[in-house]
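What follows is a single structure, written as structure tokens, with notes after it.
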Amino acid sequence: MNLDKIKSLLFQFIGIFFLIFINKLIYQNYGLAFLGTYNALLIIVQFILIFTDFGISASVTHFISKNINSSLRVKRIMQFSMFFSCLFFTIFTIILTFCFNNEYFLKKFRYLKPEEIYIFYFLSIGMLLGIFRTQFSSIIIGFNKVMNYSILNLFHIIVTNSTLALLIYFETSKEVLSFGFFSASIISTLVFTLYVIKISSAKNLKPKFSKIILKDIYKFSIFIYFSSLISYFGSFLDRILLTLKLGVNSLSYYNFISNLSQKNELPGNIIITSIYPQLAKFKSYHNDDAIDFIKKWIYLFLTINFFSIPFLFFIGQFLFFFVFSQMPSSMVNLTILIMLFYFSKKAFNNFLSWYLSSDGDSKVQIYINTIGLFCFIILFYFINDLNYVSLAIILAISQTIIFIYLLFTYLKSNSLSRLRSHFVVIIIIQLIVCLLVYFFNKFMISSLNNFILNYFIFLSFQIIFSSILLFSQKFRKNIILIYKFFRYE
């Protein structure tokens, strides 16, 4: 399991660096408006992928793993999955084709050249192939081939993004760029298909509808589906509203900040998925061993945050200059820090909700996603001057309200009530780290040559502080736990 965790982190960071490099190439070759429209297209296609899933992918994984020894049952589940994939791919291909040939729709994008609209059409169809890859991924995970899924996903990222990057870099024609990316998407999807055939059978991929399977999936996935939709709106509503209010140009900068800051959520999510099976094994959550287990992991989570927040902030300044060829403004720097704090709290809230789910309350995910969405909408209504900072503050406040809700509603009667003071301390320390980084950066000289230097100066203070803490026995135990994290089975 140690290599799996490291590879998972590595694959995620490879993806973000591909994304950053493509953003730079698009900005240099097509301009800010094209980049903003490209980011908007990604959001729209991601919504289509979630909307057309209907919780089927989660159900497919669950039922295949549960019925792995029943070849007939697995066959019907996979055929049902392919039926809906083909159906929705066809429907949304027709819808997108109609939109890109509709005069009213094209007037909304009059700032783009005709050849740029042509490129966006084929990019959207290529991305729409993700409908099939989502179902193939759920099948592969259902067969417990998680590492192979990660490799295939990395292959998709490399093939599609490097193809797009090369075609943009060499300034190819609109036809070559469009068909090149579309072909790369087909190739990566075909590789997924061949691997699924290898672990099962080609007959299992024949699309076929089944009322029995539909009924089973509906019972299992209805809450998962609505939770996914609510989570999507909670994750992208800020960008959607920003685009509607300030235009696609503003989305280019904000989407970069959000994608970069979101990486602060990754280590926490990996910890969650790593220890979730262990949580589920506990028969009782009212014993000292379980409480001690949770306490150690949340302090590991805090230790990672202590180092990841400054790292992502200072490297973010350098990458912003790399993509947009300009120094980040004070507003951009402040937004990055608030977003890092937001994603830190979001990862911690996810940790608590996963714990409660393992304790038998599976609806907690829907509750917290709904609360977060409504809090964002209500707070957004009171904004007079919309900008990056105000949006980031609203997101951070929404996650704070979710934390308070969990603290006083679920954790009050739960065994975790004994750890409530620890949870509050973690949120306070996350905020203090962000404030220290902000004031440190404010009084340091900001230039291209100083981004990395400033980080290492701040890192040296962190190391000194950590060295002092090493005299504490509890802190030494947490260091040992970090080592055990990568040895965890």
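When reading the values below, keep in mind they use all heavy atoms of this one structure, side chains included, and skip hydrogens, waters and symmetry mates. A quick note: this is a predicted structure, and the numbers were derived from the prediction, not measured.
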Taking every non-hydrogen atom, the tightest pair across [X] and [Y]:
| X | Y | result |
| --- | --- | --- |
| Ser185 | Thr189 | O-OG1, 2.8 Å |
| Phe181 | Thr163 | N-CG2, 4.3 Å |
| Leu260 | Leu312 | CD2-O, 3.9 Å |
| Ile157 | Asn161 | O-ND2, 2.8 Å |
| Ile140 | Tyr149 | CG2-CB, 3.8 Å |
| Ser398 | Leu379 | OG-CD1, 4.2 Å |

Assert yes or no for the condition that the ring centre distance of [X] to [Y] is strictly below 6.0 Å.
| X | Y | result |
| --- | --- | --- |
| Phe132 | Phe192 | no |
| Phe84 | Phe88 | yes |
| Phe348 | Phe423 | yes |

- [ ] May I have the step-by-step check of side chain to side chain contact (heavy atoms under 4.5 Å, CB included) for Val424 and Leu407, ending in yes or no?
- [x] CA-CA 9 Å; Val424 174; Leu407 202 64; 3.9 Å; yes
Open item on the list: Would you say that more than 12 heavy atoms from the other residues, nucleotides or ligands in this model lie under 6.0 Å from the OH of Tyr169, or not?
Closed with: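 Atom OH in Tyr169 is not packed in, count stays at 12 or less.
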Open item on the list: Counting neighbours of OH on Tyr111 that are heavy atoms of other residues, nucleotides or ligands and sit closer than 6.0 Å, is the number greater than 12?
Closed with: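 Correct, the count exceeds 12.
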TODO: Test Phe47 against Ile43 for side chain to side chain contact (heavy atoms under 4.5 Å, CB included), laying out the working first.
DONE: CA-CA 6 Å; Phe47 169 74; Ile43 294 172; 5.8 Å; no
Out of curiosity, [X] [atom1] to [Y] [atom2], how far, rounded to the nearest 0.5 Å?
| X | Y | atom1 | atom2 | answer |
| --- | --- | --- | --- | --- |
| Thr335 | Asn387 | OG1 | CG | 7.0 Å |
| Leu129 | Thr134 | CG | OG1 | 10.5 Å |
| Ser138 | Arg133 | OG | CZ | 13.0 Å |
| Ile119 | Leu177 | CD1 | CG | 4.5 Å |

Does the side chain of [X] reach to within under 4.5 Å of the side chain of [Y], using non-hydrogen atoms?
| X | Y | answer |
| --- | --- | --- |
| Ile397 | Cys375 | no |
| Ile94 | Phe98 | no |
| Asn333 | Phe313 | yes |
| Phe382 | Phe380 | no |
| Ile95 | Ile91 | yes |
| Phe306 | Gln430 | no |
| Leu241 | Phe376 | yes |
| Val433 | Asn305 | no |

Answer yes or no: is there a donor N or O on one side and an acceptor on the other, between the side chain of [X] and the main chain of [Y], under 3.5 Å?
| X | Y | answer |
| --- | --- | --- |
| Asn350 | Lys346 | yes |
| Asn349 | Gln399 | yes |
| Ser390 | Leu386 | no |

Show me the donor-acceptor pairs within less than 3.5 Å that the side chains of residues 24-36 make with the rest of the protein, sequence neighbours left out.
unit_1 : atom_1 : unit_2 : atom_2 : d
Lys24  : NZ     : Phe322 : O      : 2.8
Asn29  : ND2    : Leu25  : O      : 2.7

- [ ] Check step by step if side chain to side chain donor-acceptor pair (under 3.5 Å) holds for Asn264 and Ser261.
- [x] CA-CA 6 Å; Asn264 199 39; Ser261 304; over 6 Å; no
Task: Of all pairs that satisfy side-chain hydrogen bond (donor to acceptor under 3.5 Å, both in side chains), the ones with a partner from residues 245-256, not counting sequence neighbours - done: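 Every side-chain hydrogen bond (donor to acceptor under 3.5 Å, both in side chains) pair that includes a residue of residues 245-256, provided the two are not neighbours, is Asn39-Asn255, Asp238-Tyr254, Arg239-Asn255, Tyr253-Gln326.
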Task: Qualifying residue, where the test is side chain to side chain contact (heavy atoms under 4.5 Å, CB included) with Ile257 and the options are Ile336, Ile338, Leu391 - done: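 Testing each of Ile336, Ile338, Leu391 against Ile257, the sole residue satisfying side chain to side chain contact (heavy atoms under 4.5 Å, CB included) is Ile336.
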- [ ] Just do the side chain to side chain contact (heavy atoms under 4.5 Å, CB included) check on Leu237 and Ile377 with the steps written out, would you?
- [x] CA-CA 9 Å; Leu237 186 59; Ile377 293 172; 3.8 Å; yes
Open item on the list: Using side chain to side chain contact (heavy atoms under 4.5 Å, CB included), reason through Leu373 and Asn369 one step at a time and then give a plain yes or no.
Closed with: CA-CA 6 Å; Leu373 179 62; Asn369 287 334; over 6 Å; no
TODO: Show your reasoning for whether ring pair (Phe, Tyr, Trp, His ring centres under 6.0 Å) applies to Phe307 and Phe311.
DONE: CA-CA 6 Å; Phe307 290 99; Phe311 171 77; over 10 Å; no
Tell me which donor-acceptor pairs under 3.5 Å the side chains of residues 120-128 have, and how far apart each pair is, sequence neighbours excluded?
unit_1 : atom_1 : unit_2 : atom_2 : d
Tyr121 : OH     : Thr97  : OG1    : 2.8
Ser124 : OG     : Phe120 : O      : 3.2
Ser124 : OG     : Tyr121 : O      : 2.6

